[in-house]
Structures are given as C-alpha cells and as structure tokens.
**Student:** 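Could you have a look at this structure, given as structure tokens, before my questions?
Below, all heavy atoms of this structure are taken into account, side chains as well, without hydrogens, waters or symmetry copies.
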Amino acid sequence: QVQLVESGGGLVQAGRSLRLSCAASGSISSISAMGWFRQAPGKEREFVATINAAGITKYYADSVKGRFSISRDNAKNTVYLQMNTLKPEDTAVYYCATASRPGLLRTGNLYDYWGQGTQVTVSS
C-alpha cells in the first residue's frame with residue numbers, strides 16, 4: 001500500500017503561481033511513474049502531467065504545457081507540480097497518483113494509488 005498526501009492548494013489570482021506537493025509513504029519501493037490529474041466541478045477527471053521513475057522524462061497536457069512543471073525528489077518520496085501563470089480554467093481539485101509500471105502514463109486507470117486531492121481556485 002502507498003499513502004499519498006497532497007498539499008499546497010489554495011486561492012490565487014489569475015497570473016500568479018502555486019506549487020503543489022505530494023508526499024508518498026508506505027510501500028514506496030513499488031513506485032515508478034507519478035502523475036498529477038485534476039477534476040473541475042461538473043467535469044471528468046483529466047490528465048495534467050506525468051514523470052518517470054528517474055525524474056528525467058516528463059509529459060504534459062497541452063492545456064498546461066509551458067506553464068506547469070512536474071518534478072520529483074526520490075530521496076523525499078515527493079512529487080511536485082509548479083503551476084505558473086494560472087488561469088481561472090485551472091480551477092479544480094488536483095490529485096497526485098503513483099503507478100508501479102514504468103513510463104509516462106497519461107491514463108488514470110494505469111495508476112495504482114491516489115491522494116485525497118487539494119483544491120486550487122484561480123480568481124479572475
């Protein structure tokens with residue numbers, strides 16, 4: 001079992017930045033890929049970003065490319081999402097997830113464990 005705890009969400013004005021963190025505990029040796037997803041009210045969960053086990057290869061949704069940056073610190077068992085130039089349409093609950101399989105995983109059902117989510121609200 002892997003436990004994930006997100007933090008760093010909040011209310012910000014458009015154009016500002018936030019950094020989300022997700023700390024993993026438990027069976028961390030099973031973790032390979034890590035990712036961030038989000039779900040806005042009335043919408044389906046969508047992929048945001050993913051990073052491979054070594055933290056070298058990353059992939060982003062087109063909607064956040066150039067504004068968001070995913071990184072991980074394997075010594076701290078933590079994955080981060082730096083969000084710059086935030087827009088009102090970025091408002092959502094953000095979830096981190098981990099997978100035991102390698103690669104850049106853009107589909108939610110490929111992940112094994114999920115955090116409880118952290119709310120990000122961007123005002124115009």
**Student:** Can a donor-acceptor pair be found, under 3.5 Å and without considering hydrogens, that links the side chain of T78 to the backbone of A23?
**Tutor:**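 Looks like no, no N/O pair under 3.5 Å.
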**Student:** How close do Q39 and K43 get, counting heavy atoms only, and between which atoms?
**Tutor:**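 Nearest pair, atom of Q39 first, then K43: NE2-O, 3.0 Å.
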**Student:** Under a 3.5 Å distance rule, please check whether T57 uses its side chain to pair with a backbone N or O of N52 as donor and acceptor.
**Tutor:**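 Here the side-chain-to-backbone pair does not exist.
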**Student:** Of the non-hydrogen atoms in S124 and P88, which two are nearest, and what is the gap between them?
**Tutor:**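 Result for this residue pair: CB-CG, 3.8 Å.
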**Student:** Would you verify whether the NZ or CZ of R45 falls within 45 degrees of the ring axis of F37 while also being under 6.0 Å from that six-membered ring's centre?
**Tutor:**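 Satisfied, under 6.0 Å and within 45°.
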**Student:** What pair of heavy atoms forms the shortest contact from A99 to L105, and how long is it?
**Tutor:**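 Here A99 and L105 meet closest at CB-CD1, 3.4 Å.
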**Student:** Treating N74 as the side-chain partner and N77 as the backbone partner, does any N or O pair qualify as donor plus acceptor under 3.5 Å?
**Tutor:**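 Side chain of N74 to backbone of N77, a donor-acceptor pair under 3.5 Å: no, none is there.
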**Student:** To the nearest 0.5 Å, what is the distance between CG on L104 and CZ on F47?
**Tutor:**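 Reported value, rounded in 0.5 Å steps: 8.0 Å.
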**Student:** Please check: side-chain N/O of R72 versus main-chain N/O of A33, any donor-acceptor pairing under 3.5 Å?
**Tutor:**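 No; zero donor-acceptor contacts below 3.5 Å.
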**Student:** Distance from L11 atom CG to Q119 atom CD, nearest 0.5 Å?
**Tutor:**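 CD of Q119 is found 9.5 Å from CG of L11.
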**Student:** What's the spacing between K65 NZ and K58 NZ if we round to 0.5 Å?
**Tutor:**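 Rounded to the nearest 0.5 Å, the NZ-NZ separation comes to 14.0 Å.
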**Student:** Identify whether the distance between the nearest side-chain nitrogen and carboxylate oxygen of D90 and K87 falls below 4.0 Å.
**Tutor:**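 Salt bridge between D90 and K87, a charged N being under 4.0 Å from a carboxylate O: no.
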**Student:** Counting only heavy atoms not in K76 (residues, nucleotides, ligands), do more than 12 fall under 6.0 Å from its NZ?
**Tutor:**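 Open.
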**Student:** Measure the shortest side-chain to side-chain distance between S63 and R38 over non-hydrogen atoms and say whether it is less than 4.5 angstrom.
**Tutor:**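 In short, these two side chains touch, coming nearer than 4.5 Å.
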**Student:** Tell me, do E6 and C22 make a side-chain contact under 4.5 Å, heavy atoms counted?
**Tutor:**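 Heavy-atom side-chain distance check passes, below 4.5 Å.
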**Student:** Please check this pair: side chain of Q82 against backbone of R19, looking for a donor-acceptor N/O pair closer than 3.5 Å.
**Tutor:**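 No, Q82 side chain to R19 backbone: no donor-acceptor pair under 3.5 Å.
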**Student:** Cluster partners of I70, using ILVMFWY side-chain heavy atoms under 4.5 angstrom, listed by chain and number?
**Tutor:**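 Its cluster mates, by chain and number, are V2, L4, V12, L18, L20, I28, I31, M34, W36, V48, I51, Y60, V64, F68, V79, L81, M83, L86, Y94, Y113, V120, V122.
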**Student:** Taking all non-hydrogen atoms of both residues, which atom of Y95 and which atom of G115 are closest, and how far apart?
**Tutor:**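 Smallest heavy-atom distance, with atoms named: CD2-O, 3.6 Å.
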